[in-house]
Amino acid sequence: MSEATGPVIEMQGIVKTFGPIQALRGVDLQLDRNEVLGLVGDNGAGKSTLMKVLTGVYQPDSGKIFLNGSPVRFESPHDSRQAGIEMVYQDLALAGNLNVAENIFLGRERTRSYLVGLFRLLDHKGMVREASALLERLRIEIESVKFLVGTLSGGQRQAVAIGRSAGFEAQVVIMDEPTAALAVREVGKVLDLIEVLKEHKVGVILISHRMQDIFTVCDRIMVLRQGTKVGDVPRADTSMDEIVALITGAQEQLLPREQEVA
């Protein structure tokens, strides 16, 4: 089977209003396979709203979403997860009183049938085996998947949350401020994990206020300001000062040349 080509996600002209507030004003977004897109902007710029539209939390007032070139409409987060779009929220949504394997399979538990199918019980051994294989594949360093999540460091918990999102045939993983509360050493491990996802041909959207993280790991940077896209450029074609100027409004717009001409 030939590998799919073209963007994995394309959002066109997305508009979303809340009463008199226009949160998104015709925003376009494109994400390629094995690409890391940095999504930046000040508080209230529309980043979270745009991602909530993509993940089915909100439905757009107008605009279109395409997944692998086909139009889609997500009525709920369940719909987007079924399509392979996962979001890692800032609070991680992990259960500290459960172990790593149980957290990875939380809501998608493996079961086995007993007594000729009369009963189904949790397959703890199978989940431990699959979780260990997942962490190894993503090069996540945790001594045992039987450790309680509540005993792990902040960086390890972040890695478990990312691993859980990437472990079920994810095509896109969205990360909301994944390094905000981490020590420098743990930040590096999370950024390394993003690179591993890219190697596995997963598209990543990274929302972050940490410009050093954006410029370390992202291939392209998209800037929102007051619900409008004002920047969308390859990382190599811009600078940290230029992106900050776009965020604050000191510079009006920075888009690829073909968009500027259009």
Practice prompt. Answer whether the closest heavy-atom distance between the side chains of Gln156 and Phe147 falls below 4.5 Å.
Written response: no
Worksheet item: Which value, rounded to the nearest 0.5 Å, describes the distance between Glu199 atom CD and Glu195 atom CD?
Response: 7.5 Å
Discussion item. Please check: side-chain N/O of Glu86 versus main-chain N/O of Ala166, any donor-acceptor pairing under 3.5 Å?
Written reply: no
Discussion item. Quick check: closest heavy atoms across Leu54 and Ile174, and the distance to 0.1 Å?
Written reply: CD2-CD1, 3.8 Å
Worksheet entry | Ile14 and Ile65: CA distance, side-chain angles, deciding distance, side chain to side chain contact (heavy atoms under 4.5 Å, CB included) verdict | CA-CA 8 Å; Ile14 302 297; Ile65 302 174; 4.2 Å; yes
Worksheet item: Has Glu75 got more than 12 heavy atoms of other residues, nucleotides or ligands less than 6.0 Å from its CD?
Response: yes
Discussion item. For a quick test of reading the model, state the closest non-hydrogen atom pair linking Phe215 to Ile243 and the distance between them.
Written reply: CZ-CG1, 3.7 Å
Worksheet item: Counting only heavy atoms not in Arg112, do more than 12 fall under 6.0 Å of its CZ?
Response: no
Worksheet entry | Over all atoms of both residues, closest heavy-atom pair of Ala170 and Val202 | O-CG2, 3.8 Å
Item to complete: Considering non-hydrogen atoms only, spot the tightest contact between Ile162 and Val88 and give its length.
Response: CA-CG2, 4.1 Å
Item to complete: Return the minimal non-hydrogen interatomic distance between Asp28 and Lys229, and the atom names on each side.
Response: O-NZ, 3.2 Å
Worksheet item: Are more than 12 heavy atoms from other residues, nucleotides or ligands located less than 6.0 Å from atom CD of Gln226?
Response: no
Worksheet item: Would you find a donor on one side and an acceptor on the other, under 3.5 Å apart, between the side chain of Arg235 and the backbone of Thr216?
Response: yes
Practice prompt. Verify, without hydrogens or angle tests, whether Arg33 (side chain) and Lys201 (backbone) share a donor-acceptor contact under 3.5 angstrom.
Written response: no
Worksheet item: Are Val190 and Ile104 joined in one hydrophobic group, where the rule is that I, L, V, M, F, W and Y side chains link up if heavy atoms are under 4.5 Å apart?
Response: yes
Worksheet item: Do other residues, nucleotides or ligands put more than 12 heavy atoms under 6.0 Å from His78 NE2?
Response: no
Discussion item. So does Asp42 get a backbone contact from the side chain of Lys47, meaning a donor-acceptor N/O pair under 3.5 Å?
Written reply: yes
Worksheet item: Are the side chain of Gln22 and the backbone N or O of Lys16 linked by a donor-acceptor pair below 3.5 Å?
Response: no
Worksheet item: Would you say Val8 and Asn68 make side-chain contact, with heavy atoms under 4.5 Å?
Response: yes
Discussion item. Hydrophobic clustering (ILVMFWY, side-chain heavy atoms < 4.5 Å, transitive) - are Tyr89 and Ile205 grouped together?
Written reply: yes
Fill in: Reported OG1-to-CG distance for the pair Thr55 and Leu50, which is rounded to 0.5 angstrom
9.5 Å
Worksheet item: Between Asp232 (side chain) and Met222 (backbone), is there a donor-acceptor pair under 3.5 Å?
Response: no
Worksheet item: Rounded to the nearest 0.5 Å, how far apart are CG of Leu31 and CZ of Arg220?
Response: 7.0 Å
Worksheet item: Are any non-hydrogen side-chain atoms of Leu197 and Leu138 less than 4.5 angstrom apart?
Response: yes
Discussion item. Checking the side chain of Arg110 only, and the main-chain atoms of Gly126 only, is there a donor and an acceptor separated by less than 3.5 Å?
Written reply: no
Practice prompt. Check whether any side-chain heavy atom of His124 sits under 4.5 Å from a side-chain heavy atom of Glu102, and report yes or no.
Written response: yes
Discussion item. Looking at every heavy atom in both Glu252 and Val230, which two are closest together, and how far apart are they?
Written reply: O-CB, 3.5 Å
Worksheet entry | side chain to side chain contact (heavy atoms under 4.5 Å, CB included) between Val217 and Lys198, intermediate numbers included | CA-CA 10 Å; Val217 77; Lys198 181 178 173 182; over 6 Å; no
Worksheet item: Does one hydrophobic cluster hold both Leu24 and Leu29, with members joined at side-chain heavy-atom distances below 4.5 Å?
Response: yes
Discussion item. Nearest 0.5 angstrom please: Leu152 CG to Arg157 CZ, how far?
Written reply: 7.0 Å
Discussion item. With rounding to the nearest 0.5 angstrom, report the CD1 to CD distance, Ile247 to Glu242.
Written reply: 11.5 Å
Worksheet item: Between Asn103 and Leu98, is there a donor-acceptor pair closer than 3.5 Å when you use the side chain of the first and the backbone of the second?
Response: yes
Fill in: Interatomic spacing from CZ in Phe66 to CE in Met11 - rounded to 0.5 Å
11.5 Å
Worksheet item: Shared ILVMFWY cluster between Leu193 and Val172, side chains joined below 4.5 angstrom?
Response: no
Worksheet item: Checking Lys52 side chain against Tyr58 main chain: does a donor-acceptor pair fall under 3.5 Å?
Response: no
Worksheet item: Just by modelled atom types, is the Leu182 backbone N or O under 3.5 Å from a matching donor or acceptor in the Thr179 side chain?
Response: no
Worksheet entry | Met87 reachable from Leu224 in the ILVMFWY side-chain graph, under 4.5 Å edges | yes
